[in-house]
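Reading through the C-alpha cells given below for one structure.
The sequence lines fix the lettering, A, B, ..., with proteins before strands; numbering per chain opens at 1. Any value given below was found using the heavy atoms of this structure, including those in side chains, with hydrogens, waters and symmetry copies removed.
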Amino acid sequence: MKTASTFRELEPEGPRVRVRFAGRDLLLREGGNLAAELLAAGVTPFRRTPVSGAPRAPFCMMGACFDCLVEIDGVTRQACMCEVGPGMEIAMPFAERDGDA
Amino acid sequence: MDSDYAIIGGGVVGLSVAWGLLGRGRSVTVIDGDDGSFRASRGNFGLVWVQSKGMNQPRYASWSQASVAAWRGFAEELREGTGEDPALRQNGGYDLHFSEETLAETVARYEVLKAKLGGNYPYEVLGHNELRMEEPAIGPKVAGAILHHQDGHANPLKLLRALAADVRRRGGRVLNGKTVQSVSRNDVFRIECTDGTIVEAARTVLSAGLGSAALGPKMGFRAPIRPQRGQVLITEKLPKLLNRPSLLARQVDEGGVQIGVTNEEVGHDDTVTVEGIAGIAAQAIAAYPVLAKAQLVRSWGALRVLSPDGLPIYQHSREMPGAYLVTCHSGVTLAAAHARFLPDWLEGTAQAPDLEVFSEDRFDLS
Amino acid sequence: MRDADLVILGAGPAGMAAARTAAEAGLVVVLLDEQPRAGGQIYRDVERAGERRAAILGADYLKGADLVRDLPHPNIRHLAGATAWQVEEGRRVAFTLDGEAELVEGRRLLIATGALERPMPIPGWTLPGVMTAGAAQILLKQSGMVCEGAVLAGCGPLLYLVAAQMCRAGTPPLALVETQTAADRLAALRHIGGALRGWRALAKGLGLLAELRRAGVRRYTGASDLAVEGGAQAQALRFTAGGRAHRIACSTVLLHHGVVPNTQVARSIGVPHRWDDAQRAFVPERDPWGRAAGLEGVFIAGDGGGIGGAGAAALAGRLAALAVACDLGRLSPGERDRAARPLRAALSRELAVRPFLDRAYPPFAGALRPGDDTLICRCEEVTAGDIRRYASIGCLGPNQTKAFGRVGMGPCQGRYCGLTVTELLADANGRSQDETGYYRIRPPLKPVTLGELAALAASQSKETAE
C-alpha cells in the first residue's frame with residue numbers, strides 16, 4: 001500500500017504532525033492538502049471502489065472527481081478538500097474487500 | 001395494421017402489460033416518451049409491498065397480494081430472458097412507529113383488514129427490543145414496528161431495464177421519443193404522434209402515467225389523475241446496514257440507503273426542495289441514528305400518478321370499445337399482476353381477474 | 001439565514017473580480033468558495049507562492065495575486081471553505097461551512113464556478129497514477145509538489161505549460177504524447193488572423209515549445225490508441241504515432257485535452273444550455289452581461305459560461321457585476337455602459353485567440369467515442385459499450401441511460417462522464433448533441449451528510465417558530 005513516492009516536495013520544511021492512515025503512522029505537513037500530503041508519503045491506493053473493488057487514487061485534485069475519498073472519523077471525505085490536522089484517523093473506504101486495512 | 005395492441009406509455013406499467021401480451025403471442029407496439037418526460041418509473045421507491053395498502057378497499061389489498069405472490073416467478077422469467085436480475089428480496093418489511101399509540105392504532109386497523117381478507121395478512125408486532133434484534137441500526141426513538149411477511153423490495157431501475165430489453169426480445173416494437181397527439185377509431189385504432197408517426201392497432205392500452213390525464217378524455221375515459229410529489233434521498237454506498245426495507249428507508253442492492261418520502265400536492269413540479277430533503281433526513285436519523293454520518297449523494301423528486309382514492313384504475317372505454325385505461329401509482333408492486341393477470345382481463349378470457357372495483361364508475365358515486 | 005445583494009459562487013478570477021466591482025458600487029456581497037483561500041484553480045494559493053514556486057509557475061500565474069489582494073473590502077464577506085450543495089428558486093444557496101449547513105439568499109446570484117477538465121476516457125484512465133494535467137498544476141501551486149518520471153498525454157496549451165513548469169522544477173516529463181495532427185494545424189491556420197490579434201497568447205505558446213525543445217523533452221504528435229497499462233498502479237502508456245506502436249514505462253500519466261464549462265449549478269436551476277460545436281461542449285445561454293436566459297436575477301461569468309481563460313473570466317466577472325449594480329439601482333444604465341466599454345474591448349482581445357486554439361487542439365477523437373470496454377463513468381464503473389447497449393434498447397438521452405445503468409449517479413454527479421454519454425448517445429442514435437441533451441442535475445451538487453441536512457431542518461423550524 002505504501003511505496004516510494006514519485007512526488008517530490010520542493011519545500012519540505014515546516015512542522016509535521018502524526019496522522020494514521022489505514023493503521024499506519026505517517027508524518028505529514030500540518031495544514032497541507034491531505035491528498036497531496038498522502039501522495040508525497042507514498043500512499044496508494046486511497047480507496048477501493050464499492051462497485052468492483054478497483055484501486056483508486058487522486059485524479060483531479062480539485063474536488064470534482066471523488067476518487068480521493070477517504071474516511072475521516074467515520075465520514076467519507078474528499079482528501080483533496082481537507083487539510084492535514086494532528087491526530088487524524090483515516091480509513092480506506094471499502095478496504096476490506098482486498099484486506100488492505 | 002401494425003399490431004394487435006398499441007400501448008401508449010413505455011414505463012413500468014406499459015412495459016409490464018406489453019410483456020404479458022407478447023408472452024401470449026399478441027403483437028404489440030409500445031409508444032414511449034422522451035428523455036425529459038415525467039417518468040414515475042425512474043423515481044420509484046422500489047417497494048414490492050402489501051401492508052397499509054387497501055385499508056378501505058380489501059380488493060386492492062388482495063390484488064397487491066396476488067401481484068407480490070407472482071413477483072418471484074415474474075422476476076425469474078425476466079432474468080432468464082435478459083440476464084438482468086431485478087434484485088427482488090421478499091423477506092418482509094416494516095412500518096416503523098415512533099410512538100406506542102400510532103403503533104396500536106395501526107394494528108387495530110390491520111386487524112379489521114385481516115378479517116376482511118379471511119385471515120391472510122401475516123404480520124407481527126415487534127417492540128423496540130425485538131426490532132433491535134432484527135435491525136441493530138435502529139435508534140432509541142423507534143417505539144416498534146409492524147413486520148409484514150408479504151412485503152419486500154426490488155430494484156425498480158433494473159426492472160425497467162429488464163422489461164425494456166425483454167419486450168424487444170419478445171418481438172415487441174418500441175417507439176421512443178414520441179408524443180401522442182390523437183387517438184381515433186374506425187375499424188382499427190389510429191394513433192398519431194406529433195412527429196407524424198402513425199400506429200394502427202386492433203386495441204389500445206392507455207398507460208401513459210400523468211400523460212393519461214390529457215389523453216384519457218379523448219378516448220372516453222374520465223382519467224381523474226393528479227400528480228403528487230415525492231422527494232427521495234439516497235446515500236453513498238454503505239456496507240450492509242439495514243436487513244429489511246421499511247416505508248421510511250431501504251438499503252438498495254448496490255449499497256446506498258434510499259430514504260423517503262414526501263407527499264406534496266404541488267402540481268407538475270418535480271423539483272427538490274431544501275426543506276423537503278432536510279425533513280426526510282431528520283426522520284431517517286431518528287430511525288437509524290448512524291445515518292447522520294452518511295453522505296447524501298443524490299436526491300430526486302418524482303410525481304406519483306394518483307387517482308382520487310389512490311387506487312389503480314382499470315377501465316374499458318365505453319365510447320371507444322377496445323381502448324383500456326391502466327393506471328396506478330404502484331407500478332413496481334403491481335408489475336407482476338400487470339404482466340401475468342391483466343392480459344386475461346384485456347382479452348376477456350375465463351381467467352380474467354375481477355377488477356370491477358377499480359372501474360372509474362366508483363368516482364360517479366362520490 | 002444570511003442575506004446579500006449579490007451571492008457569488010466561486011472565488012476564481014471571475015468571482016473575485018465581480019465581488020470587487022460590485023462592492024465598489026456599494027453592493028453587499030457574499031462570496032462562497034470551497035477552497036481555504038481565494039484564487040480558484042488557475043490562481044490556486046497564489047498569495048502563498050514563495051519565490052521558488054513563483055519562478056516555476058510564471059508571470060501569468062502571479063497576475064492572480066492582484067485579484068486576491070483586492071478582495072478584502074468592507075462590503076465583501078468571503079466565506080472560504082464553503083461547499084454549496086443546492087441552489088433554490090434561483091437565488092437561495094444552501095452550503096456547508098465547518099460542518100454546519102447554512103442558507104444565504106441574494107437579490108442576485110452570480111455563478112462563477114469555472115471549468116472542468118474535459119473527461120478523457122481511455123483504457124486504464126482510472127488507475128492510481130493517472131491524473132489530469134490540471135491536478136499536477138494544483139499539486140505544484142498549492143503544495144509545492146512535482147512529479148518525477150511522468151508522461152503528459154493529450155493536447156492543448158495547458159499541456160505545454162505544465163511540461164515547461166516541470167522542466168523548470170528540475171523534473172522534466174519523460175515525454176509529451178500529443179493527439180493533435182498536422183491536419184489540425186493546417187485547419188487552424190484559417191483562424192490565424194484572430195490568433196495574431198491575441199498574439200500574447202500565441203507568443204507564450206511558442207515560447208513554451210522552445211523551452212521544451214531546449215530541455216530535450218520528447219514529443220510525439222498525431223498519437224492515437226492511447227491506453228494506460230497497469231494493475232494496482234499505472235505502469236506504462238501505450239499509443240500509436242507515426243505509424244508505429246510505442247510504450248513508455250511510467251508510473252504517472254497526466255491527461256489533458258482541453259477544459260469545458262462546469263455547468264452543474266446552472267443546470268441544477270434549469271438554465272437552458274446549447275451545444276457549442278467549436279468548443280465541443282454545452283454552454284449556458286446568456287446575454288452579453290452574463291445574465292442567464294429564462295431565469296430572473298441569475299448571472300454566469302468566467303469559464304463556466306464558455307471557455308475563455310482567466311483574463312477573459314475576470315473581465316466577464318466585472319461586466320456581470322456592473323449589470324447587477326445597475327439592476328439594483330446603484331449605477332445608471334449610462335454609467336454601466338461607460339464602465340463596460342473598455343472591458344468589452346479587452347474581452348474581445350482576450351477571446352481572439354480561441355478559434356485558433358479550438359481548431360489547432362481538438363479533443364482526442366478516441367476519448368470522445370471510446371471503445372466498448374473503456375470505463376466512461378468512473379464512479380459507477382459503466383463502460384462505453386454499456387451506453388451503446390442502452391441506446392439499442394431505446395435510450396435517446398442521458399437521463400434514460402442514467403436510469404438504466406447508473407451512469408452519472410455517483411458522487412461526482414456526472415462531471416466526468418456527462419459529455420461522453422451525450423457524445424456516445426448522439427453517435428449511436430444518429431441525433432445531434434442538442435437533441436440528445438444532458439443529465440438533469442439534482443441536488444446535492446456536492447455530497448452533504450444527512451446529519452448536516454437534518455440540523456438545517458431543526459434550525460429552520462426554530463426560525464419559523466420564533
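A donor-acceptor pair under 3.5 Å is formed between the side chain of A:Asn33 and the backbone N or O of A:Cys80. Looking only at distances, no side-chain donor or acceptor of B:Ser37 sits under 3.5 Å from a matching main-chain atom of B:Arg39. The backbone N or O of A:Ala54 sits less than 3.5 Å from a side-chain atom of A:Thr49, completing a donor-acceptor pair. For B:His148 (side chain) and B:Gln150 (main-chain N/O), a donor-acceptor pair under 3.5 Å exists by modelled atom type.
Salt bridge absent: B:Glu80 and B:Arg169 never bring a charged side-chain N and a carboxylate O closer than 4.0 Å. The pair B:Glu84-B:Lys158 does not meet the salt-bridge criterion, since no charged nitrogen lies less than 4.0 angstrom from a carboxylate oxygen.
Proximity to chain A among residues 280-301 of chain B is limited to B:Lys293, B:Gln295, judged by heavy-atom separations below 4.5 angstrom.
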